[in-house]
Amino acid sequence: MLDHDPHRPRYHFMPEANWLNDPNGLIQWRGRYHLFYQHNPAGPYHGNIHWGHAVSADLVHWQRLPIALAPGSDGLDQDGVWSGCAINNHGVPTLLYTGVFPPRQCLAWSDDDLLTWRKHPQPIISAPPAGLDLAGGRHPDWRDPWVWWDTDRWYMLIGTGLRGVGGAALLYESPDLLQWTYRHPILTGDQLAPGAVWECPSLFPLDDRHVLLISTLPEFRHTYYLIGDYTQQRFHPARRGKTDHGAYFYAAQTLLDDAGRRLMWGWLKEGRTREAQSAAGWSGVMSLPRVLRLLPDGTLGMTAAPELTVLREQHVHLTNLVVSAHAAETAPRFHGRCLEISAEFDLLDADRFGFWVHCAPGGDERTLVAYDVDDQALIIDRRQSSLDPTVDKALETAPLALPAGETLKLHIYLDQSVIEVFANEQLCLTSRVYPTRSDSDGVSPIAFGGRVELKSLDLWRMKALEFSQWTPITG
Ligand code: DQQ
């Protein structure tokens, strides 16, 4: 049934059905990429949280593996196995996560190459540090361990919020992953670092700087990056930005791969009602893997992982096309809901230009992915994206200055209800659309208020993936 769902992505990773949220425990182990994720195998809603697991040799074709961690033990994680990370503990694959409720930091390890996991019988940290006034309701917000080794010991960050102050990333240290000592926050909320509570904090070096990722509450819309220096166990941020400017990319986590690349994934939330998610039988999609780099202006740049090119099928290539609103009827029109579009535009006198996507004949339903010259912003205009009155249709924008003479390079991934747009190898704007008509699949270049030159356009139909299932060896 799910195979015929026109909104269900075809080449983004997803569980077979039901609920997915945060990426967890990202690690490359013996050459293969392991992706764990928050998962409810019992339904398309958040609850009963397990760690799902998938593995890939190439970042594109994923094999679904058995559930790695399930809620179970009283006093550990009976209400859910919440987010965390994976590390190589001197040769032993090890997961650290938050068991709920109340929150406790827990550990599990594998003796069989990450296939099955054994939980340490007690929490490794059973309660937050005494004396801190932590945000939260019945239970404190204090979760999502991020762990690394430095010189002669392990370090851990835990996300939390300090009442009256803001979000915080608490630092702990340990000689053996079992005995932990609390030190202090490496950073607390200030003008640069928003949010009352930080979820899924993570810290990693990138070139000669450090990056801290925080996913913030109560906003619950963005993973922010802070770029700065980590010295004397304190983080000193210099720049802040959004890992994605849309409202759907959250709880991002990264891994350092064997090639030295810092790769990032995030949870793509849904933009429709709980009832619609329940009727669909699935909710939540993993983003495409993104390669991070520091840009010369000190911000975080990102591109889609080049491995994704293996998904390309039929191809159209056009060059030097002048596009204007008047020529809209004659502009080339393509069809598809699973496409990669790579385009380079030279600004002429248009004040807005880009592509109609998911466009029905006559334009009853259509979504605009465009650059607005006056506003200096990339936009995804979803206001006409669906005839369904219940789905999200807000306009999404990302500030993007184009210095005189610079072209705009758009890299757009359409995968049914997912739109991921990379602009000038700098930033990303991701959104969700839910057209109702089966013929809402047109794609065409468009310009408003003048003309634009489409210097080059490449468009590929993308392969639909079957995420293979793991089958136990019997006999
Ligand atoms: N999701 C997990 C938490 C984390 C939140 C629970 C972020 O551990 O803080 O599913 O989306």
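Atoms considered below: every heavy atom in the structure, side chains included; atoms not considered: hydrogens, waters and symmetry mates. Whatever order the structure lists ligands and atoms in, that order sets their numbers, starting from 1.
- Note: no N/O pair closer than 3.5 Å links Trp267 and ligand 1 by distance alone.
- Near Tyr250, with a cut-off below 4.0 Å to any heavy atom, the atoms of ligand 1 are 7 (C), 11 (O).
- Within the listing of ligand 1, atoms 6 (C), 10 (O) sit less than 4.0 angstrom from a heavy atom of His46.
- Applying the side chain to side chain donor-acceptor pair (under 3.5 Å) test between Asn40 and each of Asn18, Asn48, Asn21 identifies Asn48 as the sole match.
- Remark: minimum distance from atom 6 (C) of ligand 1 to any protein heavy atom is reached at Gln38 OE1, 3.2 Å.
- Centroid-to-centroid, the aromatic rings of Trp82 and Phe101 come within less than 6.0 Å.
- Looking at Trp82 next to ligand 1, no N or O pair under 3.5 Å apart turns up.
- Using 4.0 Å as the threshold, Asn21 has a heavy atom nearer than that to some atom of ligand 1.
- In this structure, Arg32 has no salt bridge (charged side-chain N to carboxylate O under 4.0 Å, His left out) partners at least two apart in sequence or on a different chain.
- In this model, a donor atom of one side chain and an acceptor atom of the other lie less than 3.5 Å apart for Asp22 and Ser83.
- In summary, the atoms of ligand 1 found under 4.0 Å from a heavy atom of Asp144, numbered by their order in the structure, are 3 (C), 4 (C), 8 (O), 9 (O).
- Against a heavy-atom cut-off of under 4.0 Å, Asp22 is close to the following atoms of ligand 1: 1 (N), 2 (C), 3 (C), 4 (C), 5 (C), 7 (C), 11 (O).
- Between His12 and Trp267, the ring center distance fails the sub-6.0 Å criterion.
- Scored by the ring-ring contact (aromatic ring centres under 6.0 Å, His included) test, Phe235 finds no partners at all (sequence neighbours excluded).
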